Every structure is written in C-alpha cells, then in structure tokens.
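Numbering starts at 1 and runs along the sequence shown. Note that the structure is a prediction, hence the values are computed from the model and not measured.
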Amino acid sequence: MSKTSYINGLPLILLAFALSLAGAGCINLGKDAPQKTYRMIEVSRPEIEVSPTGGETVLQITRFSISSSFAGKEFVYKTGTNGFQTDYYNAFFMSPADMISGQTRTWIEKAQLFKYVVDSGSHLDNTHILEGAVNAIYGDYSDPADPRAVIEMQFLLINDNVVPPMGILEKQYKVTVRVADESPEALVQGWNKGLSEILTQFESAVRQM
C-alpha cells in the first residue's frame with residue numbers, strides 16, 4: 001500500500017493542486033475583493049426668502065411607498081429596451097423610499113408651506129397629509145452614448161380637516177437628467193438634481209393653490 005506524504009498536515013497532492021490553481025489565476029491570494037459602497041441622495045433647497053403661508057396648518061408626511069422593482073438598496077440600471085440589472089457593489093445607505101421622504105420633509109419645512117411638518121409619530125393633530133410614491137429610480141444606460149438618471153414620483157396632498165378627508169392636490173413627475181458618464185458618482189448627482197427639480201415644481205404647485 002502506498003503512503004501519502006504530508007507538509008504541515010496537508011496532503012502533498014492537495015497542496016500541489018491548490019498551487020496549480022493559484023498559478024493559473026483561479027485563486028488570487030494577493031487581491032482584495034471588491035468593496036460594497038453605499039451612497040445617499042441629498043438635496044438642498046435654495047436659500048430663497050419666502051413669506052410663510054402655512055397659517056396654523058400641520059402637515060403630516062407619511063412614509064413614501066415605492067415600486068417593488070426599485071425598493072431594494074442596490075442601484076438599478078436599464079440596459080436595453082426591456083433589460084434591467086442591479087449593482088450589488090453600489091447601493092443606497094438606506095431604503096430609497098425613506099431617503100426621499102426624509103429629503104422631501106426637510107425641503108417642505110424650509111419652504112414654510114405649513115406651520116409644522118411632522119411624521120406619523122407626532123402628537124400634534126394634523127390638518128393635512130402628504131402621501132408620496134417613488135414609481136422609478138434608476139440609471140438609464142440603454143444608450144451608452146447618452147447615460148441618464150431617471151426618477152419618477154407622485155404626490156397626493158390631503159385636507160384632513162374635513163370629513164371625509166379630501167384630496168386637494170395630486171401631481172406626477174418624471175425627470176430625466178443627462179449625466180457625465182456611467183459612474184455611480186455621476187448617477188447620484190443626477191438623482192440629486194432630478195429630485196431637486198421635482199420638489200421645486202411641487203413647492204410651486206402648493207403655493208399656487
């Protein structure tokens with residue numbers, strides 16, 4: 001019966017096999033694995049002087065809903081007419097619905113459209129409710145020569161001071177922003193610009209009510 005040779009407790013034949021794989025490029029012992037990167041969508045309302053229009057109103061902003069196709073944290077890319085893919089290594093720091101509803105709340109607070117802007121946990125009795133939905137948020141790379149950031153949203157403003165509550169403003173927006181390239185950094189900048197455009201338009205619509 002033949003004897004098996006060992007080096008440091010490892011059968012010699014297995015050690016030789018592992019070294020051959022490493023030499024062939026199947027095992028890269030010296031290269032770090034790609035790191036997952038998390039990013040935030042952030043907008044800033046321009047510092048424009050406005051006259052408060054809120055009176056004694058209290059706006060409650062509910063947590064926004066989001067299409068199941070875009071509810072995950074991973075970035076979504078459109079690669080063709082009907083083709084989409086997700087990017088495991090580039091993702092949002094938190095749910096895009098939570099991020100966008102938070103940014104919307106901060107924007108509306110600064111716009112002074114209502115005396116108070118609260119969430120569902122507030123003890124104040126709200127006079128109005130804002131419901132929002134993120135219908136799409138993705139990078140459109142279907143044309144490599146023309147990469148774009150896409151964001152689609154809708155809002156429903158409800159007067160909760162009447163019985164029954166009544167919708168008083170409904171708006172839908174789709175903004176497509178051309179970006180410099182297909183990098184995650186450029187894509188986030190495009191989404192920031194797109195969300196800023198949407199909130200600017202929505203603020204204007206509320207002021208005109």
Side-chain angles (χ1 to χ4, degrees), residues 37-46 59-88 90-111 113 117 119-120 128-158 167-209:
T37 303
Y38 297 93
R39 294 177 170 83
M40 294 280 290
I41 291 178
E42 296 179 300
V43 296
S44 179
R45 185 183 178 277
L59 176 68
Q60 178 192 114
I61 299 182
T62 64
R63 181 185 184 276
F64 289 1
S65 63
I66 187 168
S67 167
S68 58
S69 300
F70 307 97
K73 293 182 180 180
E74 289 79 13
F75 287 5
V76 177
Y77 306 139
K78 183 178 182 181
T79 56
T81 304
N82 297 307
F84 285 84
Q85 68 180 40
T86 58
D87 184 349
Y88 173 81
N90 290 285
F92 294 117
F93 183 73
M94 64 177 69
S95 160
D98 289 341
M99 250 190 317
I100 293 173
S101 59
Q103 294 294 310
T104 300
R105 175 180 171 175
T106 300
W107 185 288
I108 293 178
E109 283 178 336
K110 291 183 177 180
L113 296 170
V117 181
D119 58 27
S120 57
H128 295 75
I129 297 174
L130 179 63
E131 297 178 352
V134 182
N135 296 326
I137 180 166
Y138 61 91
D140 186 352
Y141 300 154
S142 55
D143 181 356
D146 188 26
R148 294 175 180 265
V150 179
I151 182 168
E152 298 181 38
M153 294 187 63
Q154 66 185 71
F155 297 102
L156 175 61
L157 182 61
I158 300 169
I168 55 177
L169 180 65
E170 184 175 11
K171 289 291 183 179
Q172 297 189 26
Y173 302 99
K174 178 179 179 179
V175 175
T176 302
V177 178
R178 181 175 292 174
V179 295
D181 51 50
E182 296 184 4
S183 67
E185 294 80 7
L187 182 57
V188 171
Q189 290 177 10
W191 284 329
N192 289 343
K193 183 177 180 180
L195 180 58
S196 181
E197 290 181 13
I198 287 173
L199 294 179
T200 298
Q201 293 179 49
F202 182 67
E203 177 186 336
S204 178
V206 174
R207 290 192 184 282
Q208 293 173 17
M209 289 176 50

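Classified by interplanar angle (parallel below 30°, tilted 30° to 60°, perpendicular above 60°), the ring pair Phe84/Phe70 is perpendicular.
Within the 4.5 Å cutoff, no side-chain heavy atoms of Val206 are placed close to those of Ile108. At a threshold of 4.5 Å between non-hydrogen side-chain atoms, the residues Leu113 and Phe202 do not count as touching. Using a 4.5 Å cut-off on side-chain heavy atoms (C-beta onward), Phe155 and Leu169 make no contact. A heavy-atom distance below 4.5 Å is found between the side chains of Leu156 and Glu170. Looking only at side-chain heavy atoms (C-beta outward), Ile137 and Ile41 come within less than 4.5 Å of each other. Contact of the Trp107 side chain with the Thr200 side chain is registered, since non-hydrogen atoms from C-beta on lie closer than 4.5 Å.
Shown here for Gly139 and Trp191, the closest heavy-atom pair between the two residues is N-CZ2, 3.9 Å. Looking at every heavy atom in both residues, Arg63 comes nearest to Ala97 through NH2-CB, 4.1 Å. Among all heavy-atom pairs drawn from Thr81 and Lys78, the shortest one is O-CE, 3.7 Å. The minimum heavy-atom distance linking Ser67 with Asn135 is given by the pair CB-O, 3.4 Å. For the residue pair Val179 and Gly190, the shortest heavy atom distance occurs at CG1-CA, 3.9 Å.
No more than 12 heavy atoms of other residues, nucleotides or ligands lie within 6.0 Å of CZ in Phe93, so this atom counts as exposed by the packing criterion. With a 6.0 Å radius and a threshold of 12 heavy atoms from other residues, nucleotides or ligands, Asp143 has its CG atom above the threshold. The 12-atom threshold is not exceeded at NZ of Lys171, counting heavy atoms of other residues, nucleotides or ligands nearer than 6.0 Å.
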Evaluate ring-ring contact (aromatic ring centres under 6.0 Å, His included) for Phe75 paired with Phe92, printing each intermediate quantity in order.
CA-CA 7 Å; Phe75 287 5; Phe92 294 117; 4.9 Å; yes

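Separation of atoms OG1 (Thr104) and CZ (Phe64) is listed at 4.0 Å; rounding is to 0.5 Å.
Here the side chain of Asn192 pairs a donor or acceptor atom with the backbone of Glu42 at under 3.5 angstrom.
Of the candidates Leu195, Val43, Leu199, Leu195 is the only one forming a side chain to side chain contact (heavy atoms under 4.5 Å, CB included) with Ile100.
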